[in-house]
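Following: one structure in structure tokens, then a few remarks.
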Amino acid sequence: MAKYYRRMKPFLGTFVEIGINEDHPENEIAVSLAFDEIQNIHNKLSFQDPESELSRLNMARGQPVKLSRISVHI
């Protein structure tokens, strides 16, 4: 039976779990890369971080704000 590899981290105001239902030597790398993508989105969209793009947009009071493109590469 294949080993289920999983990890959980707090992101986006909740706990995010990623799991792979396959025994492979690169499971840890794949999960780490997926969490890197989630961390990138979290950094841009965190309302708790005053430096995030979402916070800058909220503080702009209707003025234009340049935002980066969010793209996921999984």
Side-chain angles (χ1 to χ4, degrees):
M1 179 173 217
K3 180 180 175 184
Y4 186 70
Y5 179 82
R6 68 182 182 181
R7 285 184 31 211
M8 182 185 305
K9 290 187 176 187
F11 284 120
L12 308 168
T14 189
F15 290 103
V16 176
E17 180 179 311
I18 298 174
I20 300 175
N21 194 19
E22 184 178 317
D23 194 12
H24 193 279
E26 295 183 357
N27 281 352
E28 187 172 342
I29 294 169
V31 170
S32 291
L33 290 172
F35 274 124
D36 288 347
E37 294 288 338
I38 295 168
Q39 177 75 57
N40 185 38
I41 293 169
H42 174 87
N43 291 344
K44 292 177 183 179
L45 299 181
S46 174
F47 72 91
Q48 297 169 329
D49 179 1
E51 301 298 318
S52 74
E53 291 186 19
L54 180 62
S55 291
R56 286 187 324 169
L57 181 63
N58 286 336
M59 292 185 286
R61 302 182 191 264
Q63 297 301 310
V65 175
K66 184 163 178 97
L67 302 174
S68 63
R69 179 179 301 267
I70 295 177
S71 58
V72 178
H73 306 98
I74 294 181

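By convention here, the first residue in the shown sequence is residue 1.
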Keeping [X] on the side-chain end and [Y] on the backbone end, is there a donor-acceptor pair under 3.5 Å?
X   : Y   : result
H42 : F11 : no
R56 : K66 : yes
S46 : N43 : no
E22 : Y4  : no

Between [X] and [Y], which heavy-atom pair has the shortest distance, and what is it?
X   : Y   : result
P50 : M59 : O-CE, 3.6 Å
L45 : L54 : O-CD2, 3.1 Å
E53 : S68 : OE2-OG, 2.6 Å

Next on the checklist: Assess the residue pair V16 and F35 against the criterion (side-chain contact (heavy atoms from CB on, under 4.5 Å)); give the C-alpha distance rounded to whole Å, side-chain angles, the decisive distance to 0.1 Å, and a yes or no.
Outcome noted: CA-CA 9 Å; V16 176; F35 274 124; 4.2 Å; yes
Item to check | More than 12 heavy atoms from other groups under 6.0 Å of CD on E51 | outcome: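 Counting neighbours around CD of E51, 12 or fewer heavy atoms of other residues, nucleotides or ligands fall under 6.0 Å, so no.
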Checklist entry - Should we say atom CD of Q39 is surrounded by more than 12 heavy atoms from elsewhere, each under 6.0 Å from it? => result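 Yes, the 6.0 Å shell around CD holds more than 12 heavy atoms from other groups.
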Item to check | Same cluster (ILVMFWY, side-chain, under 4.5 Å), V65 and I70 | outcome: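 Each belongs to a different hydrophobic cluster.
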Next on the checklist: Do I41 and M8 sit in one hydrophobic cluster, given that two such residues count as connected whenever their side-chain heavy atoms are within less than 4.5 Å of each other, even indirectly?
Outcome noted: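 Looking at the clustering, M8 is in a separate group from I41.
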Item to check | Any side-chain heavy-atom pair of I38 and D36 under 4.5 Å | outcome: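 Sidechains of D36 and I38: no contact.
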Item to check | Within-4.5 Å side-chain heavy-atom neighbours: R7 and V31 | outcome: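 R7 vs V31: side chains touch.
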Could you measure the distance from the [atom1] atom of [X] to the [atom2] atom of [Y]? Nearest 0.5 Å is fine.
X   : Y   : atom1 : atom2 : answer
I20 : E26 : CD1   : CD    : 10.0 Å
N21 : R6  : CG    : CZ    : 11.0 Å
N58 : S52 : CG    : OG    : 7.5 Å

